Engineer: 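Attaching a single structure in structure tokens format; questions to follow.
For clarity, every value in this text was computed on a predicted model and none was experimentally measured.
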Amino acid sequence: MPEPGSHAWPPAPISTERLVLRESEARDRPAFVELFASPAVGAYIGGAQPRDHLERAMPEVPGRRPGCFVVERDGSMIGMITFDPRGPDRRGHVRPEAGEAELGYLFLPEAWNRGFAFEACTAALDWFSRARPGEPVVLSTQSANAPALRLAARLGFTEVERYEEYGADQWFGVRGGRRHDPAPPAAQQQAGP
């Protein structure tokens with residue numbers, strides 16, 4: 001994700017009541033491995049990755065890139081939040097030029113059902129709103145992921161469309177900004193005389 005305006009990456013750590021959002025550090029590597037190897041975490045994102053592969057392939061400091069926040073509680077990583085440009089080849093856009101910031105998040109199962117995702121995503125979205133005023137943020141998740149749909153609604157995302165991708169029904173929503181409606185396909189356009 002490009003640096004948003006005058007807010008260079010990484011920003012100063014963001015503190016909430018119970019959490020800190022910060023740049024990744026080497027000490028987070030075991031938590032990153034656990035996150036991506038977890039069958040529960042991988043249930044709606046294509047499955048868990050093999051732990052031995054992660055141990056070999058993961059960089060010494062994973063997640064060190066613009067748009068990636070580590071979510072820390074009591075000195076330990078419990079999850080991550082990302083803002084990545086949504087690729088123009090993917091379905092679901094609200095701007096004609098695509099590239100909207102897409103919110104992503106993953107949390108370790110022991111951090112689930114405690115309000116941490118809402119607290120962390122709210123802080124990250126507040127930061128994004130200050131860094132890029134007026135820019136929409138999009139979110140997609142499998143329609144079957146009821147907890148993610150509830151969180152999207154609590155965070156202020158509204159449904160734009162549903163479609164099939166990766167072999168599953170997907171929910172696509174936006175927070176701020178308006179949907180771009182592309183021109184109808186040529187077959188649906190009114191024929192000339």
Side-chain angles (χ1 to χ4, degrees), residues 1-5 7-46 48-49 54 58-59 61-86 100-133 135-142 145-159 171-177:
M1 176 171 154
E3 290 183 0
H7 294 264
W9 189 267
I14 301 167
S15 294
T16 69
E17 184 178 330
R18 303 177 293 170
L19 308 170
V20 175
L21 281 65
R22 59 169 173 78
E23 183 179 30
S24 178
E25 300 173 359
R27 66 186 170 111
D28 302 318
R29 190 176 190 277
F32 270 96
V33 169
E34 187 62 33
L35 195 61
F36 288 103
S38 168
V41 172
Y44 294 105
I45 60 168
Q49 296 179 35
L54 290 168
M58 191 163 292
V61 184
R64 180 152 295 172
R65 62 178 177 75
C68 182
F69 288 100
V70 162
V71 180
E72 175 186 298
R73 173 148 165 62
D74 297 331
S76 297
M77 177 181 164
I78 62 167
M80 63 182 284
I81 294 176
T82 59
F83 289 102
D84 290 311
R86 187 164 176 87
E100 305 90 343
E102 182 170 12
L103 175 69
Y105 57 88
L106 297 173
F107 284 80
L108 292 167
E110 56 268 22
W112 293 2
N113 300 314
R114 298 173 66 190
F116 295 141
F118 177 74
E119 186 175 331
C121 288
T122 297
L125 287 163
D126 288 349
W127 168 82
F128 187 89
S129 293
R130 288 188 307 276
R132 291 192 171 179
E135 288 287 317
V137 177
V138 298
L139 182 144
S140 65
T141 188
Q142 285 189 19
N145 190 345
L149 294 176
R150 285 191 301 272
L151 178 58
R154 285 186 68 203
L155 292 169
F157 285 86
T158 56
E159 182 175 333
W171 182 95
F172 176 77
V174 64
R175 182 178 191 260

Engineer: Could you measure the distance from the CE atom of Met77 to the CZ atom of Arg29? Nearest 0.5 Å is fine.
Structural biologist: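 Those atoms lie 12.0 Å apart.
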Engineer: Is the distance from the ring center of Phe116 to that of Phe107 below 6.0 Å?
Structural biologist: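 Ring centres of Phe107 and Phe116 not closer than 6.0 Å.
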Engineer: Below 4.5 Å, heavy atoms only, C-beta onward: do Trp171 and Asn145 meet side chain to side chain?
Structural biologist: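 No, too far: nothing below the 4.5 Å cut-off.
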Engineer: How about Leu155 and Phe118: do any of their side-chain heavy atoms sit closer than 4.5 Å?
Structural biologist: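 Yes, side chains in contact.
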Engineer: Of the non-hydrogen atoms in Val70 and Ser24, which two are nearest, and what is the gap between them?
Structural biologist: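 Shortest heavy-atom separation between Val70 and Ser24 comes out as CG2-CA, 3.6 Å.
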Engineer: Hey, which of Leu151, Val138, Leu125 is the one that makes side-chain contact (heavy atoms from CB on, under 4.5 Å) with Phe157?
Structural biologist: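 Looking at Leu151, Val138, Leu125, the match for Phe157 under the side-chain contact (heavy atoms from CB on, under 4.5 Å) is Leu125.
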Engineer: Can you name the closest pair of heavy atoms from Phe83 and Ala124 and give their distance?
Structural biologist: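 Residues Phe83 and Ala124, closest heavy atoms: CZ-O, 3.5 Å.
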Engineer: Under 3.5 Å, side chain of Glu119 to main-chain N/O of Arg18, donor-acceptor pair present?
Structural biologist: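 Looks like yes, one N/O pair under 3.5 Å.
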Engineer: I need the minimum non-hydrogen distance between Phe32 and Gly63, along with the two atoms involved.
Structural biologist: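 Taking Phe32 first and Gly63 second, the nearest heavy atoms are CZ-CA, 4.0 Å.
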Engineer: Check the pair Arg86, Phe172 against side chain to side chain contact (heavy atoms under 4.5 Å, CB included), reporting the backbone distance first and the verdict last.
Structural biologist: CA-CA 12 Å; Arg86 187 164 176 87; Phe172 176 77; 3.5 Å; yes
Engineer: Within this structure, what is the CH2-OG1 distance for the pair Trp127 and Thr122, rounded to the nearest 0.5 Å?
Structural biologist: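 So the gap between those two atoms works out to 15.0 Å.
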Engineer: Atom CG in Leu35, atom CE in Met58: separation rounded to 0.5 Å?
Structural biologist: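 Leu35 CG to Met58 CE: 8.0 Å, rounded to 0.5 Å.
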Engineer: Looking at every heavy atom in both Glu25 and Arg64, which two are closest together, and how far apart are they?
Structural biologist: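 Glu25 and Arg64 have their closest heavy atoms at CA-NH2, 4.0 Å.
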Engineer: Show, in sequence, the C-alpha distance, side-chain angles and deciding distance for Thr82 and Arg65, and conclude whether the side chain to side chain contact (heavy atoms under 4.5 Å, CB included) test is met.
Structural biologist: CA-CA 10 Å; Thr82 59; Arg65 62 178 177 75; 3.3 Å; yes
Engineer: Using 0.5 Å steps for rounding, measure from the OG1 atom of Thr141 to the CD1 atom of Ile45.
Structural biologist: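 Result: 9.5 Å between the selected atoms.
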Engineer: Do Arg27 and Glu72 meet the salt-bridge criterion of a basic N to acidic O distance under 4.0 Å?
Structural biologist: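 Between Arg27 and Glu72 there is a salt bridge, with a charged N closer than 4.0 Å to a carboxylate O.
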Engineer: Shortest non-hydrogen contact from Gly156 to Arg175?
Structural biologist: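 Reported closest heavy-atom pair: O-CG, 3.9 Å.
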Engineer: By the definition side-chain contact (heavy atoms from CB on, under 4.5 Å), identify the one residue from Leu108, Thr16, Ile81 that meets it with Val71.
Structural biologist: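 Answer after filtering Leu108, Thr16, Ile81: Ile81.
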Engineer: Would you sort out whether Asp28 and Met80 count as a side chain to side chain contact (heavy atoms under 4.5 Å, CB included), showing the intermediate values?
Structural biologist: CA-CA 10 Å; Asp28 302 318; Met80 63 182 284; over 6 Å; no
Engineer: Could you measure the distance from the CD atom of Glu110 to the CZ atom of Arg73? Nearest 0.5 Å is fine.
Structural biologist: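 Going from CD on Glu110 over to CZ on Arg73, the span is 12.0 Å.
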Engineer: If you take all heavy atoms of Pro13 and Val20, which pair is closest and at what distance?
Structural biologist: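 Answer, listing the atom of Pro13 first, then Val20: CB-CG1, 3.9 Å.
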Engineer: Looking at CD1 of Ile14 and CG of Asp126, how far apart are the two atoms once the value is rounded to the nearest 0.5 Å?
Structural biologist: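 Here the rounded value is 8.5 Å.
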